[in-house]
Amino acid sequence: MELADLYRDVILDHNRKPRNFGPLARADAAVEGFNPLCGDRLTLRLRFDGEKIEDVKFEGKGCAISTASASLMTEAIKGKTRGEAAHLFERVHELLTDDRAPIAEDLGKLAALSGVREFPARVKCASLCWHTLSSALNAGATPPASVSTE
Ligand code: FES
């Protein structure tokens, strides 16, 4: 499948049917992400089992790309350790912001996010949830801390 097709299909699918959308009981960390360019917000909640991310959910209002990115991210990090999730953040951040970054096969559906490179104004949409994740992994604070993509 061409990357442009993957981008369109994956973003459409995950925006229409966001995975892991909703509240999370007994969350250990909750962080709110905010995109100051458009005012969109999302709240990310994680529950840990030791170092492992046992469950993760998100809520909020955002555009198709931010919703799809959050849906893809929650699928990708569930069951991973804090360190693995932090490493994935670094890889996706590079994928979104470096035009020359190779698109590794093991990223799976996350590779679709590289489609925003064609639309620089949308990079903040795709990265909103990832910055929120990074903040949650670093702070691990609850009640909600706040992070901005600015
Ligand atoms: Fe607000 Fe995309 S337009 S996050």
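Both ligands and their constituent atoms are indexed starting at 1 by order of listing. Residue numbers start at 1 and run along the sequence shown. These numbers come from a predicted model, not from an experiment.
Checked against atom 1 (Fe) of ligand 1, the N, O or S atom of D40 at the shortest distance is OD2.
If you number the atoms of ligand 1 from 1 as listed, the ones under 4.0 Å from a heavy atom of C63 come out as 2 (Fe), 3 (S), 4 (S). Every atom of ligand 1 with a heavy atom of C125 under 4.0 Å away is listed here by number and element: 2 (Fe), 3 (S), 4 (S). For ligand 1, the atoms closer than 4.0 angstrom to any heavy atom of S66 are 4 (S).
Residues D28 and R47 are not paired through a salt bridge, judged by the lack of any N-O separation under 4.0 Å between the basic side chain and the carboxylate. By the 4.0 Å N-to-carboxylate-O rule, D49 lies too far from K52 to be salt-bridged with it. Ion pairing of D13 with K109 is absent here, as no side-chain N (NZ or NE/NH1/NH2) approaches a carboxylate O to less than 4.0 Å.
L107 and V10 fall within a single hydrophobic cluster, where Ile, Leu, Val, Met, Phe, Trp and Tyr side chains are chained together by heavy-atom contacts under 4.5 Å.
Across E54 and K78, no two heavy atoms sit closer than the pair O-CG, 3.8 Å.
Ligand 1 has N35 within reach: a non-hydrogen atom of the residue lies less than 4.0 Å from it.
Here C38 reaches atom 1 (Fe) of ligand 1: one of its N/O/S atoms is less than 2.8 Å from the metal.
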